[in-house]
Amino acid sequence: MPNPAIAEDRPVKIGLLTVKTGPLAQGGFQMEKGVALFLKHGGNKLAGRPAELLVADTGGNPAGTKAKAQELIERDKVDMIFGPLAAFELLAISDYAAQQKCPILSLAAAEDMTQRKPNPYFIRSSATSAQPMHPLADYARMELKYGTVITVANDFAYGYEQIGGFQRVFEDEGGRVKNKLWPPLVTPDFTPYIAQMSGADAVMSGLGGSNPVKFMRQYKDQGIALPLLGGGVAMDDGLLKSFGDEAIGVISCSPYTADLDTPSNKRFVADSERDYGGIPGSYAAGLYCNGMIAEAALQTTGGNTEDKEALIKAMREVSLADSPRGRFHFDRFGNVVGDIFIRRCEKKDGKLVNRTIKTYKNVGQFWSYDEQWFLSQPVYSRDYPPLKS
């Protein structure tokens, strides 16, 4: 064991796995800004120890993510990893990071990481893919009274799991998903998919990265009149400056909303606008919250990062009353239990904003379902649940 005085002098090393190229890069840049702002607020210290941030670009692919994770853990000796962004990136490093006993505080929403194949060194303060979609489906069915919906989401794990969660709740409450459309992650033209959007009460978009911007513009250009719903990142606050008036009226859900009236979020938003020139979104907020979790856990361990079992235990026991996303704690799998916000996009003082219109309190990853029943079901996939005839 290291001498305590030496350990206290050694910086706490945070390895950030983010993506800086391709359609997911917008979220990747937000991630880096979020953790950088947290460290700035703390004087670049965690629990009194100097903090060092090492940033690695995954390239937005599984092989690149694993290679960068190995470099951070084995060469740079990081104490914990923040990130990665995408589910397919996280799944590529989960087993390896667990073998290395390296805590991962991630945004990646892969359901099984905290469900059927839980990683004991993993913690998530954002949400699973479907966690925000369950209340959105409830709101669409029970309050907006939609009977039929067509969904569109990118053709990869995050898209499948979002739509699966929305479909299950929407149909369990008496609605029906008429069609599920799956454009590839890199899609220059959404017109062939938009052409199939008719004969329903609404369209639900689970698109991610920069794709919502292209989709919204083309949706308006095609003259589609069906109201739009937006998934966890489809109407992210950080994207609003890229939309036009076509976004006005879109109803969306998120575990983070920039209009949350708490001391922590007010400071986070104001300083993000000051330092980075724009309203932050869920990617930045998620990484800021990860910093808060690390700080609280290290306060519990007395700044010790050598005992990985004690460190991840302390992380999972963190309960915060005030953060940019509000009050939250963790379930026994290390997944967040916190509020989900339903928002309507509006124009205020010449700028687009998401205004919260309903808050679902203390939403866990299993919604209102029995945990054991939920875990006995297949993970949400491209074809699960199947469409009703």
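Start at 1 with the first residue, then count along the sequence.
Contact record, Gly230 with Val250: N-CG1, 4.1 Å, taken as the closest heavy-atom pair. Between Cys289 and Ser125, the shortest heavy-atom distance links the atoms CB-OG, 3.9 Å. Contact record, Phe243 with Val213: CE2-CA, 3.5 Å, taken as the closest heavy-atom pair. The two residues Asp236 and Gly281 come nearest to each other via the heavy atoms OD2-CA, 3.3 Å. Residue Met235 comes nearest to Cys345 through the heavy atom pair CE-CB, 3.7 Å, listed as atom of the first residue, atom of the second, then distance. Smallest separation of non-hydrogen atoms from Pro23 and Asn211: CB-ND2, 4.5 Å.
Clustering ILVMFWY residues whenever any of their side-chain heavy atoms sit less than 4.5 angstrom apart, transitively, puts Ile123 in the very cluster that holds Tyr283. Follow the hydrophobic side-chain contacts under 4.5 Å out from Leu207 and you reach Met216 in the same cluster. Under the 4.5 Å side-chain heavy-atom criterion for grouping Ile, Leu, Val, Met, Phe, Trp and Tyr, Leu17 is not connected to Leu287 through any hydrophobic cluster. Connection of Leu24 to Leu107 is established within a shared hydrophobic cluster, with ILVMFWY side chains joined at heavy-atom distances below 4.5 Å, either directly or through further cluster members. Cluster membership check: Ile73 does not share its hydrophobic cluster with Leu311, using side-chain heavy-atom separations under 4.5 Å among Ile, Leu, Val, Met, Phe, Trp and Tyr.
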In sequence, state the C-alpha distance, the side-chain angles, and the governing distance for Leu229 and Val203, and then conclude on side-chain contact (heavy atoms from CB on, under 4.5 Å). CA-CA 6 Å; Leu229 303 170; Val203 171; over 6 Å; no
Between Thr301 and Asp307, does the side-chain contact (heavy atoms from CB on, under 4.5 Å) criterion hold? Intermediate values first, please. CA-CA 9 Å; Thr301 67; Asp307 186 342; over 6 Å; no
Using side-chain contact (heavy atoms from CB on, under 4.5 Å), reason through Asp112 and Leu91 one step at a time and then give a plain yes or no. CA-CA 9 Å; Asp112 262 1; Leu91 295 172; 5.8 Å; no
For side-chain contact (heavy atoms from CB on, under 4.5 Å), just list the numbers for Thr65 and Phe88, CA-CA rounded to whole Å, side-chain angles, deciding distance to a tenth of an Å, and then say yes or no. CA-CA 9 Å; Thr65 305; Phe88 57 80; over 6 Å; no
Does Asp275 form a salt bridge (Lys or Arg N to Asp or Glu O under 4.0 Å) with Lys40? I'd like the steps, not just the answer. CA-CA 11 Å; Asp275 290 357; Lys40 180 179 179 180; 3.0 Å; yes
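Side-chain atoms of Thr18 and Glu32 form no donor-acceptor pair, as typed in the model, at a separation below 3.5 Å. Using a 3.5 Å distance cut-off with no hydrogens or angles, the side chains of Glu317 and Thr300 do not pair a donor with an acceptor. Defined by atom type and a distance below 3.5 Å, a donor-acceptor pair is missing between the side-chain atoms of Gln218 and Gln222.
At least one side-chain heavy atom of Val177 sits under 4.5 Å from a side-chain heavy atom of Glu171. Counting only heavy atoms from C-beta outward, the side chains of Pro184 and Thr187 approach each other to under 4.5 Å. Taking 4.5 Å as the limit, some side-chain heavy atom of Leu375 sits within range of a side-chain heavy atom of Phe366. When side chains are defined from C-beta on, Gln131 does not count as touching Pro255, because their heavy atoms never get closer than 4.5 Å. Residues Pro324 and Leu260 fail the side-chain proximity criterion, which asks for heavy atoms closer than 4.5 Å. Within the 4.5 Å cutoff, side-chain heavy atoms of Gln26 are placed close to those of Gln30. With a 4.5 Å cut-off on side-chain heavy atoms, Val363 and His134 do not count as touching. His41 is not listed as a side-chain neighbour of Glu295, based on a closest heavy-atom distance of 4.5 Å or more.
One distance of note links CD1 of Ile14 with CG of Leu72; it measures 11.5 Å at 0.5 Å rounding. Remark: Leu16 CG to Phe82 CZ distance equals 8.5 Å, nearest 0.5 Å. To the nearest 0.5 Å, the span separating CE on Met204 from CZ on Phe170 amounts to 10.5 Å. Remark: Glu173 CD to Arg141 CZ distance equals 8.0 Å, nearest 0.5 Å. A distance of 7.5 Å separates CG of Asp259 from CG of Asp237, quoted to the nearest 0.5 Å. Rounding to the nearest 0.5 Å gives a distance of 10.5 Å between CZ of Phe330 and CZ of Arg124.
Applying the 6.0 Å contact sphere to NZ of Lys308 captures more than 12 heavy atoms from other residues, nucleotides or ligands. Applying the 6.0 Å contact sphere to CZ of Arg327 captures no more than 12 heavy atoms from other residues, nucleotides or ligands.
Cation-pi geometry between Lys358 and Tyr360 is met: under 6.0 angstrom from the ring centre, within 45 degrees of the axis.
Every residue two or more places apart in sequence or in another chain was checked for a side chain to side chain donor-acceptor pair (under 3.5 Å) with Glu273, and none qualifies. Every residue two or more places apart in sequence or in another chain that forms a side-chain contact (heavy atoms from CB on, under 4.5 Å) with Arg168 is listed here: Asp172, Tyr369, Trp373, Phe374, Gln377, Tyr380, Tyr384, Pro385. Annotation: side-chain contact (heavy atoms from CB on, under 4.5 Å) contacts of Gln162 (sequence neighbours excluded): Ser129, Met133, Tyr158. Taking Asn179 as the reference, nothing meets the side chain to side chain donor-acceptor pair (under 3.5 Å) condition, with sequence neighbours excluded. By the ring pair (Phe, Tyr, Trp, His ring centres under 6.0 Å) test, Phe38 pairs with Tyr288, sequence neighbours left out. Checked against ring pair (Phe, Tyr, Trp, His ring centres under 6.0 Å), Tyr219 has the following partners two or more places apart in sequence or in another chain: Phe215. Scored by the side-chain contact (heavy atoms from CB on, under 4.5 Å) test, Val12 finds Leu46, Arg49, Asp79, Met80, Leu298, Thr305 as partners (sequence neighbours excluded). For Tyr160, the ring pair (Phe, Tyr, Trp, His ring centres under 6.0 Å) criterion is met by Trp182, not counting sequence neighbours.
Side chain of Asp76 to main chain of Val78: no donor-acceptor pair is present (N/O by atom type, distance under 3.5 Å, no hydrogens or angles). At distances below 3.5 Å, at least one donor-acceptor pair connects side-chain atoms of Glu111 with backbone N or O atoms of Ala130. When atom types are taken as modelled, the side chain of Asn61 and the backbone of Ala63 share a donor-acceptor pair closer than 3.5 angstrom.
The pair Glu306-Arg10 counts as a salt bridge, with a side-chain nitrogen and a carboxylate oxygen less than 4.0 angstrom apart. Ion pair Arg325/Asp339 not flagged as a salt bridge, since none of the NZ, NE, NH1 or NH2 atoms sits closer than 4.0 Å to an Asp/Glu carboxylate oxygen.
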Side-chain polar contacts of residues 190-200 - donor-acceptor pairs under 3.5 angstrom, sequence neighbours left out - could you list them?
| residue | atom | partner | partner atom | Å |
| --- | --- | --- | --- | --- |
| Thr191 | OG1 | Asp189 | OD1 | 2.6 |
| Gln196 | NE2 | Pro192 | O | 3.2 |

Distance-only criterion, 3.5 Å: show the donor-acceptor pairs between side-chain atoms of residues 93-101 and protein atoms not counting sequence neighbours.
| residue | atom | partner | partner atom | Å |
| --- | --- | --- | --- | --- |
| Ser94 | OG | Asn119 | ND2 | 3.0 |
| Tyr96 | OH | Glu74 | OE2 | 2.7 |

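Screening residues 379-389 for salt bridge (Lys or Arg N to Asp or Glu O under 4.0 Å), with sequence neighbours left out, gives Asp155-Arg382.
Residue Val379 shares its hydrophobic cluster (ILVMFWY side chains chained together at separations under 4.5 Å) with no other residue.
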